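Note on naming: letters A, B, ... go to the chains in the order of the sequence lines (proteins, then strands), and numbering restarts at 1 for each one. Since this is a predicted model, take the numbers as computed values, not measurements.
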2 protein chains.
Amino acid sequence: MESRIERIKKQLHNAKYKLTPQREATVSVLLEHEEDHLSAEDVYLLVKEKSPEIGLATVYRTLELLTELKVVDKINFGDGVSRFDLRQEGAAHFHHHLVCIECGAVDEIQEDLLGDVEQIVEDRWNFRIKDHRLTFHGICSRCGEGNEEKE
Amino acid sequence: MESRIERIKKQLHNAKYKLTPQREATVSVLLEHEEDHLSAEDVYLLVKEKSPEIGLATVYRTLELLTELKVVDKINFGDGVSRFDLRQEGAAHFHHHLVCIECGAVDEIQEDLLGDVEQIVEDRWNFRIKDHRLTFHGICSRCGEGNEEKE
DNA sequence: ACATTAACGACAATCATTACAATATGATTA
DNA sequence: TAATCATATTGTAATGATTGTCGTTAATGT
C-alpha cells in the first residue's frame with residue numbers, strides 16, 4: 001500500500017520533520033510487520049537488513065518520533081521491553097490486546113468495545129479520556145483447545 | 001488493620017514461604033501506601049527507613065514473590081519503571097487506573113466495569129481471561145476544572 | 001550548487017533489574 | 001545441645017534496554 005506511507009510522509013512534513021531514508025526504511029519495516037509487536041531491537045535488526053548502515057540510536061529516535069505523531073503506539077506487556085504497534089489509520093482509539101500466558105502470542109482486537117465504559121468513566125469520574133490501554137491476559141483459543149476444564 | 005497482614009502471612013505460609021522480618025517490613029510499607037503506586041526503588045527507600053539493613057535485591061525478590069501470590073499487581077505506566085499496587089482483598093480482578101497527562105496523578109477505579117466486555121471477548125475470541133490491565137490516559141477532574149473546551 | 005541545520009552513527013553513559021557467591025538464619029533431627 | 005539442611009539475605013557485579021554525546025553527514029530552501 002503506497003498511499004499509506006505517503007500519508008505518513010505528509011504527517012512528518014506537517015510536523016516539520018524530514019523524511020530521511022532511515023526513517024522511511026523504519027516505517028516500511030513497521031508496515032511490513034503490522035501484525036507483530038516488535039521491540040526497538042527487533043525493528044533495528046529488520047531495518048538493518050535493508051539499510052545495514054543504520055544505527056540503533058536512530059531507530060530509537062525514529063520510534064520515539066512516530067510515537068509522538070501517534071503513527072505508532074508504544075506498549076509494554078510486562079517483559080522488560082517496549083513494543084511498537086502501528087495505529088490503525090483513522091482509529092479514534094488504540095486497539096486492545098490478548099496476551100496468552102501459555103504461548104506468549106499477542107492477538108489484537110480492533111473493535112472498540114469500551115464505548116459504554118468510557119462514557120461511565122467520563123461522567124462518574126469527571127475524567128476527559130484521551131487514550132487507553134487495555135490488555136487481557138489469559139489462555140488463547142489455540143492453547144485452550146481440548147483441555148476445557150472450567151477453572 | 002492487623003488482620004490484613006495476618007492473612008498475607010497465611011498466604012505466604014500456604015505457599016510454603018516464610019514471613020521474614022524483611023518481607024514483613026516490605027508488606028507493611030505497601031499497606032501504609034495503599035493509595036500510591038510505588039516503584040521498586042520507592043519501596044526500597046521506604047522500607048530502609050525502618051529496616052536500614054535491607055538490600056535492594058531482597059525488595060525486588062519480595063515484590064516478585066508478592067506478585068506471584070497475587071497480593072500485589074505489577075503495572076507499568078510507560079515511564080521506565082514497574083510499579084506495584086496492592087490488590088484489593090478478595091477482588092476477582094485487578095482494578096483500573098486513570099492517569100492524568102497534565103499532572104501525572106494516578107487514580108484508581110475499583111468498580112469492575114468490564115463484565116460485559118470480558119464476556120464478549122471470551123465468547124467471540126474464544127479466549128479464557130485470567131487477568132486484565134486497563135488504563136485511561138486523559139485529563140483528571142482537577143486539571144480539567146474551569147477550562148471546559150470540548151475537544 | 002551552497003549554506004543551514006536537522007539528523008545520523010558510533011560509542012559511552014545511565015538506569016532498572018537480575019544474577020551470583022558468600023554468609024546468615026532457623027527449623028529439624030541425632 | 002550440636003550438626004545438618006534448606007531457604008533467605010546481603011552487597012556487588014553483570015546484564016540489558018534506553019538515552020546522551022559529539023563529530024560527521026546529508027536533506028532542504030534559496
Open item on the list: Using every non-hydrogen atom in the two residues, find where B:Leu56 and B:Tyr44 come nearest and quote the distance to one decimal.
Closed with: N-CE1, 3.4 Å
- [ ] Could you check which residues of residues 46-62 of chain A get a heavy atom under 4.0 Å from DNA chain C? Sort them by number, please.
- [x] A:Glu53, A:Ile54, A:Gly55, A:Ala57, A:Thr58, A:Arg61
- [ ] Indicate the atoms forming the closest heavy-atom contact of B:His96 with B:Asp112, along with that distance.
- [x] NE2-O, 2.6 Å
Task: Separation of D:dT19 P from A:Glu68 CD (nearest whole Å) - done: 13 Å
Open item on the list: Under a 3.5 Å cutoff, is there a donor and acceptor pairing between the side chains of B:His33 and B:Asp42?
Closed with: no
Distance-only donor-acceptor pairs under 3.5 Å for side chains of residues 98-109 of chain A, two or more places apart:
residue, atom, partner, partner atom, Å
A:Asp107, OD2, A:Arg142, NH2, 3.1
A:Glu108, OE1, A:His95, NE2, 3.4
A:Glu108, OE1, A:Gln110, NE2, 2.9
A:Glu108, OE2, A:His37, NE2, 2.9
A:Glu108, OE2, A:His95, NE2, 3.4

Open item on the list: Using whole Å, what does the distance between atom P of nucleotide C:dT18 and atom CG of A:Asp79 come to?
Closed with: 11 Å
Open item on the list: Let's see if you get this right: which residues in residues 10-22 of chain A place a heavy atom under 4.0 Å from DNA chain C?
Closed with: A:Tyr17, A:Lys18, A:Thr20, A:Gln22
Task: Value in whole Å for how far the P atom of C:dA7 lies from CD of A:Glu24 - done: 15 Å
TODO: Quickly work out the A:Leu65 CG to C:dC8 P distance and round it to whole Å.
DONE: 9 Å
Open item on the list: Checking A:Tyr60 now: which residues fulfil ring-ring contact (aromatic ring centres under 6.0 Å, His included) with it, not counting sequence neighbours?
Closed with: none
Task: Estimated bend of the helix from C:dA1-D:dT30 to C:dA30-D:dT1 (axis per five terminal pairs, rounded to 10 degrees) - done: 30°
Task: Shortest non-hydrogen separation from A:Ile139 to A:Gly144 and the atoms involved - done: CG2-N, 3.7 Å
Open item on the list: Checking the side chain of B:Asn76 only, and the main-chain atoms of B:Gly78 only, is there a donor and an acceptor separated by less than 3.5 Å?
Closed with: yes
Open item on the list: Tell me whether B:Arg23 contacts the main-chain N or O of B:Lys18 through its side chain, where contact means a donor paired with an acceptor under 3.5 Å.
Closed with: yes
Task: Atom-pair distance (CG on B:Asp42; P on C:dC15), nearest Å - done: 15 Å
TODO: Can you see which heavy atom on B:Thr26 is nearest to which on B:Gln22, and at what distance?
DONE: OG1-O, 2.8 Å
- [ ] Specify the separation, in whole Å, of atom CG of B:Leu38 and atom P of C:dA16.
- [x] 14 Å
- [ ] Round to a whole Å and report the spacing from OH of A:Tyr44 to C1' of C:dC8.
- [x] 13 Å
- [ ] Please state how far atom CG in A:Leu63 lies from atom P in C:dC8, giving the value in whole angstrom units.
- [x] 12 Å
Task: Minimum-distance nucleotide (side-chain atoms of B:Glu41 versus D:dT18, D:dT9, C:dA16) - done: C:dA16
TODO: Find the distance between OG (A:Ser141) and CD (B:Glu122) and round it off to the nearest 0.5 Å.
DONE: 12.0 Å
Task: A:His93: ring-ring contact (aromatic ring centres under 6.0 Å, His included) partners, not counting sequence neighbours - done: A:His132
Open item on the list: Classify A:Ser39 by what it touches in the nucleic acid, base, sugar-phosphate, or nothing, heavy-atom distance under 4.0 Å.
Closed with: nothing
